[in-house]
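Just so you know, these numbers come straight off a predicted model, no measurement behind them. Scope of the values below: all heavy atoms of this structure, side chains included, with no hydrogens, waters or symmetry mates.
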Amino acid sequence: MFAGLTLAVRCTTVVGLAALTAAPLAGQQRRDSAAKQASHTRMVQELAAIAERSVRDHKYHGDDAAKALWAEMAQLGDKAPWKLRLDGALAHLRLGATREGIAILQAADDALVAKRIDGDVDARNSVRFYLGMAWLRLAENENCCARNAPESCILPLRDAALHTAAPEGATNAIPWFEAVIANTPKGDYWQLSSIWLLNLAHMALDQWPDGVPAAHRLPASTFTSSTSFPAFPNVAGRVGLDTFGMLGGVIVDDFDGDLDLDLMVSLWSAAGQLRYLRNDGDGRFTDRTDAAGLRGIISGINLIQADYDNDGDLDAFVSRGAWLYDGGRHPNSLLQNQGDGTFLDVTFAAGLGEVHFPTSTADWGDVDGDGDLDLYVGNEASAKIAAPCQLFRNEGDGTFFDIADRAGVQNLGYTKGVAFGDYDDDGRLDLYVSNLHEPNRLYRNAGNGRFVDMAPKLGMHEPVESFGAWFWDVDNDGALDLFCAAYSTGIGDIAAAQLGVPRPHPDRMRLWRGDGKGGFTEVGKAMGLDVPALPMGANFGDLDNDGFLDVHLGTGDPYYYSLMPNLVFKNDGGTRFVDVTMAGGFGHLQKGHGCAFADLDADGDLDLFSIQGGAYPGDAAHDALYENPGFGNHWLGVLAEGRDSNRSAIGARLRVVFDENGVERSVWRDVGSGGCFGANPLRQHLGLGKATALKRLEVRWPKSGATQTLRDLPIDATIRVVEGQDGFVKLELPQTMLGGAK
């Protein structure tokens, strides 16, 4: 009897203690939830205020500066100088009033010719070059934009990409470019730029090559690829992803846990709504922005994902304020996935919103090896604003603390690219930072809470004109290599290269081959990357499933005349890169920004999504999705899940070993989202070429450094691997047809 009584008392006591414990926990959860809701509401309000101001004072989207120019022109009337007229016309063009800009430029040229206003030959050439450019933009508006087709704006222009339905713009552009060519010295940059645009205008009218004077005709090789490569059709319109807009970022990943891949897309207009495009599982995508609770989360330039709170679903970070100098003090956003199809902006609750700097890029990584993900934010410091980069340590309780100063990674440069990677293979994440106009940084993690910049010692501070950058294993030797894009060329340099005209070579892309011990050798030129390019959005993925990572570069800059093809380079066995842009149909002329490699139809090969559109409202374009036609090679998908390590497994190193044609091969990947302007799925896709048998998959987990080995693997399948658990689970991904179910 006493034993039973004692047991009853004990049970009552335990229940009572549990109730007492649960009460404060429930209270804390309610307080946390309220703080997150308050954070979300505050962010929406702050972004709305920024959008309201931006209509007037935004450097690229506002109209205050334009109105001031037009008022000054009106006051001076016929006495307005040519440069003021040019600036006033460009203001119209940038805001989308193309014909108004053309009229001002035409009147300026008339006044210069009649000598009613002062201006030398350079003045006339400037006005005429921009007249040609303005007419060409009108041609794009009336054809590529208003009559958008899958082939629109993709070099070489043919079929539906031709401007035969609305030829006025290209037709009127031609004589202005011819006038500039005739009145500039041979080899002059603007003459070469005019030659490039002249050829494009004739091609748009189906007059290339014969319609172009022989002396100004680009060689046929300009619009062909030297290597055979199948065409990737643009199917964006078929699946609901051909949105018309400006520049922005993109994440492709599984946000709702149903194993197919969704998109989150940002738009860098003054009030550009972040969009969540859910994969319907039938080859189409539906805009679920409102249902996801994202209405009012606006104006992002770049995005990157991670499960920062280790709760099993993907969250996202939004960068804002880039290119705006002291006008870019806009808050970034941390969007927490609530696991029910909705997101909350928890930036302020998480401690990420105390100060605001212009931000272009960011990356996630566990820099202190504690099993949760830290965040490095790349800010744009300049003479106009002191904007140190930030390294936010994840405190493990949903909050972050900036340790950049004590860690020695504030950088204080105009940051355009950041990437984590353990380049010396010592088990600690290192950090690369690329800066525009300034030396780059290679921060080695010293393991004592501090980083040491090794770039000067290793001679890796170049290119000085830098943009996107990433760590990867370009040759499958198990050692991380480093790519850094150069942002210092233009259409005149492209024409010069095609015509064999000597010009001072712009800063070039760098590819640093790592030895896995901390040393690097620069091999970019030797591997075929010594070409004129102006990359913004850039990323990598294995398009042909041969096991080697290929590259997509979204090219351009804010200038309207920077009509140049986006580029794709095939990795030829880790020994060289071959330009397959034209053969593959990737040569989109509109400005390329966020891009991602992802198997959107689950057919075993990577498709390519690219955001198109410029920095100004008048330079908008339709996004593109290039469907992979298939190469007949094998593949393996790996969804790695950390337990002791971070749940996203970011920083885990994968090695798959297999036999191909009687020879053992290895393919290596580090888990991450790819490049730093556009985010691939964290679920890794490994091409296996002509593999006949998979021997093993090795997963080295980032926190412990322990290697988990799996055997008896399926080919042409996706598996889930969980840290510390034996075996794997084969995932059933329903294959679809982009645009309609199979």
Side-chain angles (χ1 to χ4, degrees), residues 43 248-251 253 264-266 268 274 297 299-309 314-323 328-336 345-347 350-367 372-381 387-394 400-404 407 409-421 429-436 440-441 443 451 466-471 536-539 593-596 646 648 650-651 672-680 682:
M43 180 63 73
V250 61
I251 300 168
D253 218 317
M264 187 176 285
V265 180
S266 66
W268 191 61
L274 181 76
I297 306 300
S299 193
I301 194 171
N302 204 352
L303 304 170
I304 191 167
Q305 81 278 28
D307 182 1
Y308 82 90
D309 50 6
L314 285 177
D315 315 297
F317 181 78
V318 185
S319 303
R320 295 192 182 91
W323 300 109
R329 293 183 179 274
H330 299 172
N332 299 317
S333 279
L334 178 63
L335 302 175
Q336 185 187 50
D345 192 314
V346 299
T347 306
L352 296 176
E354 294 181 9
V355 292
H356 308 328
F357 300 119
T359 305
S360 180
T361 186
D363 200 14
W364 296 96
D366 184 1
V367 299
D372 48 35
L373 289 169
D374 311 299
L375 176 66
Y376 189 81
V377 178
N379 297 318
E380 295 175 348
C389 293
Q390 297 158 294
L391 175 57
F392 289 105
R393 184 184 64 207
N394 191 329
F400 293 81
F401 184 74
D402 186 4
I403 61 170
V409 293
Q410 287 187 307
N411 181 41
L412 292 172
Y414 199 83
T415 309
K416 300 310 296 180
V418 301
F420 283 117
L429 271 187
D430 310 301
L431 173 67
Y432 183 78
V433 181
S434 73
N435 295 312
L436 189 62
N440 303 320
R441 313 277 194 174
Y443 290 115
F451 290 74
S466 296
F467 213 93
W470 57 70
F471 286 103
M536 297 181 294
N539 214 328
H593 290 88
C595 55
N646 71 87
S648 298
I650 289 173
S673 60
C676 58
F677 203 159
N680 299 336
L682 295 175

Visitor: To the nearest 0.5 Å, what is the distance between OG (Ser333) and CZ (Arg320)?
Guide: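 Answer for the OG-CZ pair, Ser333 versus Arg320, is 3.5 Å.
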
Visitor: How close do Ala381 and Tyr414 get, heavy atom to heavy atom, and via which atoms?
Guide: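 In this case the closest contact between Ala381 and Tyr414 is O-CD1, 3.4 Å.
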
Visitor: Among Asp374, Asn394, Asp315, Ile650, which one satisfies side chain to side chain contact (heavy atoms under 4.5 Å, CB included) with Trp364?
Guide: Ile650

Visitor: What heavy-atom pair brings Gly248 and His593 nearest, and what distance separates the two atoms?
Guide: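 In this case the closest contact between Gly248 and His593 is O-CB, 3.5 Å.
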
Visitor: Rounded to the nearest 0.5 Å, how far apart are CG of Asp430 and CZ of Phe451?
Guide: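 Here the interatomic distance stands at 7.0 Å.
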
Visitor: Are any side-chain N or O atoms of Asn539 and backbone N or O atoms of Gly674, one a donor and one an acceptor, separated by less than 3.5 Å?
Guide: no

Visitor: Output yes when a side-chain donor or acceptor of Thr347 lies under 3.5 Å from a complementary backbone atom of Leu352, and no otherwise.
Guide: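 Here the side-chain-to-backbone pair does not exist.
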
Visitor: Mind listing the closest non-hydrogen atom pair of Ala596 and Ala679 along with its distance?
Guide: CB-O, 3.5 Å

Visitor: Closest approach of Ala387 and Pro358, non-hydrogen atoms and distance?
Guide: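 Taking Ala387 first and Pro358 second, the nearest heavy atoms are CB-CD, 4.3 Å.
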
Visitor: Assess the residue pair Asn379 and Thr359 against the criterion (side-chain contact (heavy atoms from CB on, under 4.5 Å)); give the C-alpha distance rounded to whole Å, side-chain angles, the decisive distance to 0.1 Å, and a yes or no.
Guide: CA-CA 4 Å; Asn379 297 318; Thr359 305; 2.6 Å; yes

Visitor: Going from CG on Asn646 to CG on Asp372, what distance comes out if it is rounded to the nearest 0.5 angstrom?
Guide: 8.0 Å

Visitor: Tell me the closest heavy-atom pair linking Ala419 and Trp470, and the distance in Å.
Guide: CB-CA, 3.9 Å

Visitor: Would you check if the side chain of Ser673 reaches a backbone N or O of Leu682 as a donor-acceptor pair within less than 3.5 Å?
Guide: no

Visitor: Please work out whether the ring planes of Phe467 and Trp323 are parallel, tilted or perpendicular, with thresholds of 30° and 60°.
Guide: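 Ring orientation of Phe467 relative to Trp323: parallel.
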
Visitor: Within the structure provided, determine whether Thr415 and Asn435 are in side-chain contact (heavy-atom separation under 4.5 Å).
Guide: yes

Visitor: Which distance, rounded to the nearest 0.5 Å, do you find between the CG of Leu391 and the OH of Tyr376?
Guide: 7.5 Å

Visitor: Would you confirm whether Asn411, through its side chain, and Cys389, through its main-chain N or O, come within 3.5 Å as a donor-acceptor pair?
Guide: no

Visitor: For Ser648, is there any backbone N or O sitting under 3.5 Å from a side-chain donor or acceptor partner on Asp307?
Guide: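 Side chain of Asp307 to backbone of Ser648, a donor-acceptor pair under 3.5 Å: no, none is there.
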
Visitor: Assess the residue pair Asp402 and Glu354 against the criterion (side-chain contact (heavy atoms from CB on, under 4.5 Å)); give the C-alpha distance rounded to whole Å, side-chain angles, the decisive distance to 0.1 Å, and a yes or no.
Guide: CA-CA 10 Å; Asp402 186 4; Glu354 294 181 9; over 6 Å; no

Visitor: Please report the interatomic distance CH2(Trp268) to CG(Asn302), rounded to the nearest 0.5 Å.
Guide: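 Answer rounded to 0.5 Å: 12.5 Å.
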
Visitor: Determine, stepwise, if the pair Val433 / Val418 fulfils side-chain contact (heavy atoms from CB on, under 4.5 Å).
Guide: CA-CA 5 Å; Val433 181; Val418 301; 4.2 Å; yes

Visitor: Please confirm whether the ring centroid of Tyr308 lies under 6.0 Å from the ring centroid of Phe400.
Guide: yes

Visitor: Got a donor-acceptor contact below 3.5 angstrom from the Ser434 side chain to the Ala469 backbone?
Guide: no

Visitor: Quick one: closest heavy-atom pair of Cys595 and Gly537, and the distance?
Guide: SG-C, 3.9 Å

Visitor: Rounded to the nearest 0.5 Å, what's the gap from NZ on Lys416 to CZ on Phe677? Could you check?
Guide: 7.5 Å

